[in-house]
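Computed from a prediction, not measured in an experiment: that's the story for all the values here. Just follow the structure's listing: the first ligand is 1, and inside any ligand the first atom is 1. Atom set for the values below is all heavy atoms of this structure, side chains included, hydrogens, waters and symmetry mates excluded.
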Amino acid sequence: MSMIYLDHAATTPVRPEVLEEMLPYLKEMYGNPSGLCQRSMEAAKAVETARKRVADSLGCEPEEIYFTSGGTEADNWALKSSARMVKNRGGGSVHIITSQVEHHAVLHACEALERAGAAVTCLPVDERGRVSPAELERAIRPDTALISIMYANNEVGTIQPVREIGAIARSHHICFHTDAVQAYGHLPISVNELGVDMLSASGHKCGAPKGIGFLYIRKGTDLPPFMDGGAQERGRRAGTENVAGIVGLGKAAQLSQKEMRETEKKTAAMRDHLIGRLLKEIPFARLNGSRHDRLAGNCSVSFQFVEGAALLLLLDEEGICAAAGSACSTGSRHPSHVLTAMGLPDDVARGTLRLTLGYGNTMEQIDQAADAIRKCVAKLRETSGEYEDYLQERSVRHTL
Ligand code: PLP
């Protein structure tokens, strides 16, 4: 049985063209970019070519791109070093504005900063998972040092009003960071048009390998280094460069720039077909997130009277690889913080399935997945006491 992979928000396969460009840097071109010999210079040149490709994809200068080990490191750097920068300047209190639906890389970094004395405002979201720019502006205080709002959500795919937030941040002279891990390589991003000062991204969400990402830092932003050590990345991010990973990320950036429009159209058509079928063919199903401000590849649906973890296991037996919308896949029955923030009742949130489409998926696979989901949901409901109670109650109401 061939597997249908619908978990691209978790990670993507490495694109063959990306691997091909990386391989020489894992074999014969293994030089350390900091050295002075021929091998080193080849590696240093490859790093700079990749930096230029990434910069071109964002409309910024290569000197504004700093390679990191991934999105988590980039988020931690942006948040923790911003707080340190204020302290270094002799500033008193530090206030950060973020949202309740951020990835844990941001939320847990904020919690660490709170323990260290910073004040954090965690904005609520509406039922689609969107932050209100007006509410954000009202939360600004004289000591607000940073606004960190994600570009697109990893669970429900909701795209935030980044441009409006960027304009508000600018008008108040506040640094604006966006976690674009799920958006980078999938949506056109211009850091200048958006008014973003820092942006995090990760290679493994867009066809490059795991363990590589970057932080865009606008020229003139006084962000202290996160890692202490050597002089790599212009003295701001120490540690010998992951040359092959950087080369892979550069190639993925170049490919996504070239193919983005076409891929987005094709993926969104498959997503809409999948959403349409699930909502039409399965009773008590609801779509999570925004209909329109949504990543092309995201389909997050909650099925009442079903446990997401059990559904995932059944789907796995059918050869469908997806994710749940809760922490239940890691053994906890707690619904996700994102779905809870959007106002979903716990029992509905627990029946959530996240299907994320990407490179290589076909309409035929989507139809196979929809058939399998319908079958598995029906099977689980057959043994659900809650569903049985509901049906009995309904038939009593009908006969009265
Ligand atoms: N931010 C978001 C929105 C994510 O979805 C993820 C990963 O899923 C991360 C940050 C962390 O990125 P990485 O896996 O590269 O550390």
Side-chain angles (χ1 to χ4, degrees), residues 5-14 18 54 65-80 98-112 122 125 129-131 147-160 162 165 177-187 189 196 198-216 226-227 237 239 242 245-246 248-249 252-253 256 288-290 293-300 321-327 329-330 336-339 341-342 352 354-358:
Y5 186 74
L6 296 176
D7 201 12
H8 290 84
T11 198
T12 60
V14 174
V18 167
V54 172
I65 300 297
Y66 295 85
F67 292 113
T68 64
S69 64
T72 301
E73 184 190 326
D75 284 344
N76 271 267
W77 183 7
L79 283 143
K80 293 180 179 168
T98 187
S99 84
Q100 290 176 354
V101 295
E102 300 297 312
H103 188 270
H104 282 134
V106 167
L107 289 178
H108 289 169
C110 283
E111 282 163 21
C122 216
V125 291
R130 295 236 316 168
V131 164
I147 295 171
S148 180
I149 301 290
M150 72 197 324
Y151 202 115
N153 187 264
N154 45 305
E155 291 189 30
V156 296
T158 298
I159 299 168
Q160 296 294 347
V162 181
I165 296 170
H177 165 251
T178 188
D179 172 344
V181 167
Q182 292 290 336
Y184 181 74
H186 304 284
L187 289 174
I189 301 177
V196 164
M198 293 189 279
L199 178 146
S200 310
S202 178
H204 73 106
K205 310 290 185 179
C206 59
K210 295 161 191 66
I212 186 67
F214 67 86
L215 181 65
Y216 154 78
F226 188 52
M227 301 277 207
R237 197 281 184 180
N242 171 2
I246 291 172
L249 178 55
S256 64
N288 301 310
S290 171
D293 298 309
R294 181 181 204 101
L295 286 174
N298 179 289
C299 168
S300 167
C321 183
S326 69
S329 48
T330 51
S336 92
H337 66 285
V338 174
L339 298 172
M342 288 163 56
T352 300
R354 181 188 73 176
L355 303 147
T356 44
L357 287 54

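- Residues forming a salt bridge (charged side-chain N to carboxylate O under 4.0 Å, His left out) with Arg354 (at least two apart in sequence, or on another chain): Asp7.
- Pairing each heavy atom of Thr178 with each of Met150, the nearest pair is OG1-C, 3.4 Å.
- By the ring pair (Phe, Tyr, Trp, His ring centres under 6.0 Å) test, His337 pairs with His104, sequence neighbours left out.
- For Tyr66, the side chain to side chain donor-acceptor pair (under 3.5 Å) partners two or more places apart in sequence, or in a different chain, are Arg236.
- Using a 4.5 Å heavy-atom threshold, the side chains of Val181 and His103 count as separate.
- In summary, of the residues considered (Thr72, Asp179, Asp75), a side-chain hydrogen bond (donor to acceptor under 3.5 Å, both in side chains) with Ser200 occurs for Asp75 alone.
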What does the N/O contact table under 3.5 Å look like for ligand 1?
from	atom 1	to	atom 2	distance (Å)
ligand 1	1 (N)	Asp179	OD1	3.3
ligand 1	1 (N)	Asp179	OD2	2.6
ligand 1	5 (O)	Gln182	NE2	2.8
ligand 1	8 (O)	Lys205	NZ	2.6
ligand 1	14 (O)	His204	NE2	2.9
ligand 1	15 (O)	Gly71	N	2.8
ligand 1	15 (O)	Ser202	OG	2.6
ligand 1	16 (O)	Thr72	N	3.0
ligand 1	16 (O)	Thr72	OG1	2.6

